Each structure stands twice: as structure tokens, then as C-alpha cells.
Amino acid sequence: MRAIEISSFGAPEVLRLVERPRPVPAKGEVLIRVAASGVNRPDVIQRQGHYAPPPGASDIPGLEIAGVVEAGDLSGDNPFGIAIGDPVCALLAGGGYAEFAAGPLVQCLPVPKGLSLVEAAALPETFFTVWSNVFDRGGLGRGAQGKDETLLVQGGSSGIGVTAIQFARALGHRVFATAGSDEKCRACEALGAEVAINYRTQDFVEIVKARTQGRGVDVILDMVAGDYVPRELNALAEDGRLVLIATLGGAKGQVDFGQVMRRRLIVTGSTLRPRPVEFKAQVARALHRTIWPLVESGRIRPVIHSVFPASDAARAHALMESSAHIGKIVLTWD
Ligand SMILES: NC(=O)c1ccc[n+]([C@@H]2O[C@H](COP(=O)([O-])OP(=O)(O)OC[C@H]3O[C@@H](n4cnc5c(N)ncnc54)[C@H](OP(=O)(O)O)[C@@H]3O)[C@@H](O)[C@H]2O)c1
């Protein structure tokens, strides 16, 4: 099969189209003929040599795909009744930039009605990440304010951001977002953010406080960290939760723990890729139950900025690194 490998760590050009043997599905896994592979920032970080695949995962990058089930073990837990020949999208721990990929059956979901395989390939990584961090870990909606709880999404125009804004809005929450340009801010508002804040020219703490009558927001989803953290604690309401999913602005920052105690704040975070299959299976069920109907009704939609043939993976990565995109970038296999 054809695959894109990381020939050595470095610039986008290190991505090479090569021939590799087809993966062999293990017990509980299926082999998928891949139509499209989603591109995510973690793939870029892996290519740069800063994000090794977890033990046992393929060295080929790629955390999400959509395609058709070709073969595999369907005898075990099969929550969505998937059969050979069915179109699916799947969350992977690696190996997605290839014509064939193997992964656990419980991490495959049926392609939502009305979506193409290219659109479906843009769902798994951000959908699993946002669900498990904003709703499970951050508990949006489970706090004292219930449905009235509010969310601030940092990096609102990222692949993660466009998903987080839409999920929270579709489930009835007020959402604020930040982004690095006015154009990106308008895109966040079109997706349902009540107001999007250009972090280069405006202060998100001030604006979020003004919009919430000085109270602050209940949950913040953040990929920046560093010197954002003390400002984020100021922007949280009492009992608020800060959920970190990346440290693009640096892994270290100064925190006033007195404020954490006085205002009962929670600082937490997680990384999806190394979590066990059983955890991902639970998230898949929750997404299928709560989010899939909203995708099928058109309330939540994939936001795709660009589609490249897989042989142009280097161009796709260069685009992601430029941060000119709004939403997702997808590779296709013909
Ligand atoms: N923990 C997990 O399980 C998990 C899973 C998936 C992804 N992630 C992380 O989530 C992040 C988003 O992933 P993605 O695939 O959606 O990538 P993406 O589309 O490339 O988004 C990256 C975003 O980061 C924003 N950004 C970069 N530096 C910033 C800064 N200093 N201040 C504010 N915003 C900044 C950029 O916005 P502007 O261009 O507007 O600045 C851009 O929208 C990545 O860091 C990724 O590693 C974590």
C-alpha cells in the first residue's frame, strides 16, 4: 500500500510517499480501506520529533480516517453493528496517513448520514478530544449553573476550536472564543460563538468578564497554557474549570494558588492518544448517542478548510504550520 512516512524529523518536506506492507488487524481490530485522512496539529508535532507514538502504535502519522471496512475481527464488542463493507470513520493511535489502516472496532463509528467520507475523516480526533475534555473532564453543564454554564474556547478557529464551539452551542451553552485575526473571529461567531475576541488586539479576561456581568466563565478549553494560565484563572467564575489540551505558549506559568483555593477553581487537562481503547470506546458511545444526531440534522457540521491529495501531505502540513486555515485540513487517497 502507499503511505506517508516521516523520513526524518524536520520540515514538512520530510514527509515521503512510500510503499509499506498493509497492516494486519489484531483481535478486536478491523482493516479499513482509507478514502481520506484528517490532519491534526499533533501530526505536525510528531513530524518535528516532539511527539512520539505511544508503544505499539504505527510510526506512520495520522490519528483519524474515514473509509470502508475491508476485513477484521467483528466477533467482539460491536456497539454500532458495523459490518464488512460499511463506511466508517475511526480514531487511531497512528497509521492514518495510508491507503489501509488497522484499528479497534470500538473506535470506529458509522459515517453520519449525509456526510461524505472526506467530511467524516475530519471528525474523530477533535470530536473525541472535545467531548472528553469539555464535557467529561471540564463537566460543562454539570456544575451549579447547569445548562446556563458558559465556555471560553482558546484558539476558536483551530480544528479543535470549531468543534468545541459547535458542540457547546448545540447543547445550549453560551460560548466565547479567541482567535488571532478578525477574519477568524467572524468565522467563530458564524459557528455560534456569542463573541470572538482577537487576542492580538483585545484582552479576553476583560471582555469575558464584561459579558458575564463580572462573574467569569465556567469552563475554559485551552491549548496555549504558559502565561495564559494566570489570566485564565482571573477569567473563570467561582468553581470554574480550566482544561488544558496543549502548551503552544509554553508548559510553565505562575499560578496564584490562593486564588485556586478561595474561588474553588480546578486546573486539569489530558492527552487523548495514549488513553486505553476502553476509554476511547466509552467516548465513541457518548458521541454516537449525543452528537451523531446533531451532525445528521446539520446542527453540527465538519468545517473543512482544504483538501489535498495524500501525495501533497507536505503542503498540508505547511498550511497548518502557517495557521492560515480555519477548521480542518484533509488528505485524500484515490
Ligand atoms: N490533548 C489532546 O488530546 C489533544 C488532541 C488533539 C489536539 N490537541 C492540541 O490542540 C491544539 C489544536 O489542534 P488542531 O489540530 O486543532 O490544530 P490547529 O488547527 O493547527 O490549531 C492550532 C491553533 O492554535 C492557535 N494558537 C497557536 N499559538 C497560539 C497562541 N500563542 N495563542 C493563542 N492561540 C494560538 C492558532 O490560532 P491563531 O492562528 O489564531 O493564533 C490555531 O488556531 C494543538 O496544540 C494540538 O496539539 C490536543
Side-chain angles (χ1 to χ4, degrees), residues 12 37-48 50-54 61-64 91-94 96 121-134 136-138 152-167 176-188 191 193 196-204 220-229 231-232 242-251 253 268-276 279-280 283 302-306 316-331:
S37 318
V39 175
N40 293 280
R41 183 70 63 153
D43 310 343
V44 171
I45 302 170
Q46 179 175 341
R47 194 207 72 224
Q48 292 167 335
H50 306 305
Y51 193 34
L63 302 173
E64 60 183 354
L91 179 78
L92 304 173
L123 306 183
E125 176 66 12
T126 69
F127 276 38
F128 278 72
T129 300
V130 168
W131 184 268
S132 58
N133 284 289
V134 173
D136 282 347
R137 196 151 280 278
L152 169 63
V153 181
Q154 306 283 19
S157 65
S158 64
I160 292 281
V162 298
T163 297
I165 293 169
Q166 293 193 83
F167 277 21
F176 306 100
T178 61
S181 74
D182 290 344
E183 185 204 356
K184 289 179 174 183
C185 286
R186 297 299 82 76
C188 294
L191 289 170
I197 302 151
N198 182 338
Y199 68 81
R200 295 184 202 279
T201 57
Q202 296 173 293
D203 178 3
F204 69 80
I220 300 178
L221 180 67
D222 182 32
M223 56 189 70
V224 182
D227 60 10
Y228 264 35
V229 174
R231 297 173 64 204
E232 290 173 325
L242 168 59
V243 190
L244 298 161
I245 58 162
T247 55
L248 291 169
T268 181
S270 73
T271 56
L272 176 66
R273 195 180 189 186
R275 302 299 297 278
F279 171 81
K280 293 171 183 172
V283 180
V303 178
I304 297 183
H305 185 273
S306 303
H317 273 217
L319 170 62
M320 178 160 274
E321 282 179 79
S322 78
S323 256
H325 63 294
I326 293 174
K328 296 283 300 186
I329 301 168
V330 178
L331 305 175

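Ligands are counted one by one from 1 in listed order, and the atoms in each one are counted from 1 as well. Predicted model only: the values in this text are computed from it and were never measured.
Atom CZ of residue Arg137 and atom CD1 of residue Ile245 lie 12.5 Å apart, to the nearest 0.5 angstrom.
Not counting sequence neighbours, the partners of Thr126 by the side-chain hydrogen bond (donor to acceptor under 3.5 Å, both in side chains) test are Thr163. Applying the side-chain hydrogen bond (donor to acceptor under 3.5 Å, both in side chains) test to Ser181 and every residue at least two apart in sequence or in another chain returns nothing.
In this structure, Arg273 is not positioned above the aromatic face of Phe128 in the sense of NZ or CZ being under 6.0 Å from the six-membered ring centre and within 45° of the axis.
Ion pairing between a basic and an acidic side chain is recognised when a charged N comes within 4.0 Å of a carboxylate O; Lys328 and Glu125 show no such pairing.
Using a 4.0 Å heavy-atom criterion, the residues that approach ligand 1 are Asn40, Arg41, Pro42, Ile45, Glu125, Thr129, Ser157, Ser158, Gly159, Ile160, Ala179, Gly180, Lys184, Tyr199, Arg200, Met223, Val224, Tyr228, Ile245, Ala246, Leu248, Ser270, Thr271, Leu272, Met320, Ser323, His325.
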Using distance only, find each side-chain donor-acceptor pair of residues 222-229 under 3.5 Å and give its atom names and separation, not counting sequence neighbours.
unit_1 : atom_1 : unit_2 : atom_2 : d
Asp222 : OD1    : Val224 : N      : 2.8
Asp222 : OD2    : Ala225 : N      : 2.8

